Amino acid sequence: MLMICLCFLLTGDGNPKESSPFINSTDPEKNQQYDGKNMALFEEEMDTIPMVSSLLSSLANYSNLPQGSKEHEEAENNEEKPYSTLPKKLAPRMGTLMGVYLPCLQNILGVILFLRMTWMVGIGGVIEAFIIVLMCCSTTMLTAISMSAIATNGVVPAGGSYYMISRSLGPEFGGAVGICFYLGTTFAGAMYILGCIEILLVYIVPQAAIFKMEGLEGAEAEAAMLNNMRVYGTLVLSFMAIVVFVGVKYVNKLALVFLACVICSILAVYAGVIKTAFEPPVFPVCVLGNRTLVWKGFDVCAKVIERENATVTTKLWRLFCDSEFLNATCDSYFANNNITEIQGIPGIMSGTLRENLFGNYMDKGSFIEKVGLSAAVEPDSIPTNTNRYVLADITSFFTMLVGIYFPSVTGIMAGSNRSGDLQDAQKSIPIGTILAITTTSIIYMSSVFLFGSCIEGTVLRDKFGEAVRGNLVIGTLAWPSPWVIVFGSFFSTCGAGLQSLTGAPRLMQAIARDGIVPFLRVFGHGKANGEPTWALLLTACICESGILIASLDNVAPILSMFFLMCYMFVNLACAVQTLLRTPNWRPRFKFYHWTLSFLGMSLCLSLMFICSWYYAIVAMGIASCIYKYIEFRGAEKEWGDGIRGLSLSAARFALMRLEEGPPHTKNWRPQILVLVNMDSELNVEQPRLLSLTSQLKAGKGLTIVGTALEGTYLENHPQGQQAEQSLRKLMEAEKVKGFSQVVISSNMRDATSHLVQAGGLGGLQHNTVLACWPRNWKQAEDHQSWRNFIELVRETTAASEALLVPKNVSAFPSNGERFTEGHIDVWWIVHDGATFVLLLIILHICISLLYLQHDSDISAYTYEKTLMMEQRSQILKQINLTKTEREREVHVRPQAFTSVPVSPSQQEQLIHDKSTNPPTPATPQSPSADAETPGTASFFFPILL
């Protein structure tokens, strides 16, 4: 009554105008402005007042669907109404409680808590189970802190976690993480459906099984159970998919029911724990020797009973003996051991915790045994009647428990997925998510100790409650009845499955509409109201693959991998952007530090390999393939890229290391600056020069392709951009991995000089210049070309750089051509050291790949002419000629740069007699200015140092 009066006092008669402190009812002009600024102030003020009616209204309108679902529902309801009659769309008004805390709470608490938590405590022991819970909860808490940093870094984009991650890490990582998140959500739907079917067929209506398990043992019983899971799972999946397809409004209306089921189930467990302190529930367990019996087919845990002063056998006797008489032939183990009845729920004050502290891992098919009881077992005897005992259905070990448990802590992104529906996302996401994780962590950690303190160890290790008359183990602890947990967990898993089938298609639709994965674009289409029809069909198919696995224990590690992958990249995004000090990364969450993100990332990676190393490798392989696919085929997005900053930092660090000293001789390789000319249409005049570069470098080392344009930068800047695009296009076609550079200057000579001087960055600079032989250099009207070439030779000599000068480069084979004959003449300067040998080795490798017959021997005539030029230069220096005179003496003898055919006899005479391998006869043609036919032309290649 007091609550009703309080509601009335807080709300008045329900008219907001009368209760608003911002409205003066005596002033009609102000009343007419009610929908303006005063309305906003009124709503802000009312949000700060804890009104009971407002809370009840929010609960009535509670929805756990992801963002976009309510819009689709409204569009479906209004699709037949004219636009003018549609109500105005109000701003989102969801707060922390309804928008983040309760959805996260509902998504985190689920099927694993109800179906596997007690079994995990019994198998791993209280200590190891607590360690598992602590690791998993710490991982999600650290991830939530990273998400809070993202949420408080500027405006939170509408679209949820996928949008936050993709817009932070870029399209490649965003797409990979988004698809991993989608696959995790889809397999979570399969896990919830399998949990729903397990509850239905094991605890509610076992007689509904299509494949009967009565009288079956071992593999046959297991196969029958799995087939039942597949059939019913497929039917339930089909029904849920139809419900989601028809309209999310039906799922939305049941959201509050599903939330109530979860909360009531949790409260029933805690109430039952309190009740066990003074009145434990009666759930006897029958033990034969030390083996736990399946309590089915008998009513009394005894071999014989006294009835009317006579000893009669029980139903249990008839299960192990061939008749009901005392002289019947019985199973040897049954005959040699006594029957003991123990209490399955001794209570929190019984001291059971000491017995359940440590783990008891078992192999598949092992008997669930009572610790402390002795048993008489005949040596070398083969167990019989094994279907009468409670057996371990799978082989258990620590890492398997981690993989099965981790899905129970997922669901932390339920709040961030509704970012567009929140009134203040920067406030609600951090507070609501962290509070929800704190609440669920307390529930999980307390459950470990409470289960270990209240429930007998043999019952804890009994996964399906066969020892307690087929009851759900956690239900035996609940008050007032085990059916509270049974039905609560059933509806909870149904609701979680519907939410997964509702959220996963919308996530896929968002990825498809972004266009970052081209082959997924078809899944961006749907119904007229925006419902993702094709994405729902894809989700149902993937979910069916999980249902066909038919085992909750085998599906749980799969979705653990994908969720861990997603959480790892969330932490990675925050850590990388903090370490790189990205200008737009300024989170206001005061509890955030990059070390927490790094620790969370490390925990995620560790848990992936702890759960299943091969699943981890597969998940990382899928993410890597998606990343590379988006990198090569995906659409370019201007989202920014935090990983690019990491690349820049690594590049800066490497460049600084290169500055520490010159490279060692063993590490030397030609770092080439390729100088090309552009025609009037700004296309490269010598495209085969890049073919030579590609084959010479093979993607190793530094390659800079530069060109010079004549003019002023202000007037010719568009031409410079066009020239750079032409260079990049040709480099891509010729598979030249490197950089392009265009310099605009008042004259070509200065522009080329600038390229030679300023090419490279820091320690990553060119040491070799590759330029073509000047065309028409003999013609008087084109003397400037060879003058520029001579200046280039001087500049490279002054810079102590190698100069590669190919002549008749148009005859050089392209990357796609195959040749069977041809020649490449290499001009060797005497004092070049080992550069010539290195060049021959590189060309030998590249041309061998092209099936080009070649001769790597040194031309004797070339050797002689080179030696003569070297001697002539020394003589000119000795007679003290001026610089101009020496240049004139050199320029008047251009024939020294020509390739002349020589006979084998001349080669043998000119080459030193110490040569043991005479050269192969060759008849190269003299190169001309014009291009010759590829495959028959001689290619002239002097090297100047």
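Counting from 1, the numbers follow the sequence of the chain as shown. Since the model is a prediction, treat every value here as computed from it, not as a measurement.
Rounding to the nearest 0.5 angstrom, the gap separating the OG1 atom in Thr796 from the CD atom in Glu791 is 10.5 Å. Interatomic distance, CG of Leu761 versus CZ of Arg652, reported as 12.0 Å (0.5 Å rounding). In this structure, CG in Asn788 is found 11.5 Å from CG in Leu675, a value given to the nearest 0.5 Å. Note that NE2 of His766 and CD1 of Ile672 are 11.0 Å apart. Values are rounded to the nearest 0.5 Å. Rounding to the nearest 0.5 Å gives a distance of 9.0 Å between CE of Met731 and OG1 of Thr693. Rounding to the nearest 0.5 Å places OG1 of Thr703 at 10.5 Å from NZ of Lys737.
Shown here for Leu755 and Gly706, the closest heavy-atom pair between the two residues is CD1-C, 3.9 Å. Shortest non-hydrogen contact noted between Ala708 and Met748 is O-CE, 3.3 Å. Among all heavy-atom pairs drawn from Cys772 and Val809, the shortest one is SG-CG1, 3.7 Å. Nearest heavy atoms, Glu801 versus Val769: OE1-CG2, 3.5 Å. Residues Ser597 and Ser146 come closest through the heavy atom pair OG-OG, 2.9 Å. Minimum interatomic distance between Ala575 and Phe598 (heavy atoms only, all atoms of both residues): CB-N, 4.3 Å.
Contact annotation: the side chain of Asp514 never approaches that of Pro171 to less than 4.5 Å [non-hydrogen atoms, C-beta and beyond]. Residues Leu727 and Val676 meet the side-chain proximity criterion, which asks for heavy atoms closer than 4.5 Å. Between Met620 and Met565, the closest side-chain pair of non-hydrogen atoms falls below 4.5 Å. Contact of the Ile516 side chain with the Tyr629 side chain is not registered, since no non-hydrogen atoms from C-beta on lie closer than 4.5 Å. Leu690 places none of its side-chain heavy atoms less than 4.5 Å from the side chain of Val684. Using a 4.5 Å cut-off on side-chain heavy atoms (C-beta onward), Thr712 and Ile744 make no contact. Taking the side chain as every heavy atom from C-beta outward, Leu702 and Phe739 approach each other to under 4.5 Å. Two residues are said to be in side-chain contact when any heavy atoms from C-beta on lie closer than 4.5 Å; Ile150 and Cys574 meet this criterion.
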Run the side chain to side chain contact (heavy atoms under 4.5 Å, CB included) check on Val674 and Val736 step by step: do they pass?
CA-CA 11 Å; Val674 185; Val736 175; over 6 Å; no
Please step through side chain to side chain contact (heavy atoms under 4.5 Å, CB included) for the pair Leu770 and Leu692, ending with a clear verdict.
CA-CA 10 Å; Leu770 176 61; Leu692 170 63; 4.3 Å; yes
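Side-chain N/O atoms of Glu734 and Ser691 include a donor and acceptor closer than 3.5 Å. There is no side-chain donor-acceptor pair under 3.5 Å between Thr152 and Tyr592.
Legend: side chain to side chain donor-acceptor pair (under 3.5 Å) pairs involving residues 743-756, not counting sequence neighbours, sorted by first then second residue: Asn747-Asp750, Arg749-Glu795, Ser753-Gln757, Ser753-Glu795.
For Phe653, the CZ atom counts as loosely surrounded, since its 6.0 Å shell holds 12 or fewer non-hydrogen atoms of other residues, nucleotides or ligands.
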Compile the donor-acceptor pairs under 3.5 Å between side chains in residues 718-726 and protein atoms, sequence neighbours left out, one pair per line.
from	atom 1	to	atom 2	distance (Å)
Gln721	NE2	His717	NE2	3.2
Ser726	OG	Leu682	O	2.9
Ser726	OG	Gln722	O	3.1

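Not a single side-chain hydrogen bond (donor to acceptor under 3.5 Å, both in side chains) links Asn716 to another residue, sequence neighbours left out.
Put simply, the side chain of Asn153 gets close to the backbone of Arg586: a donor and an acceptor are under 3.5 Å apart.
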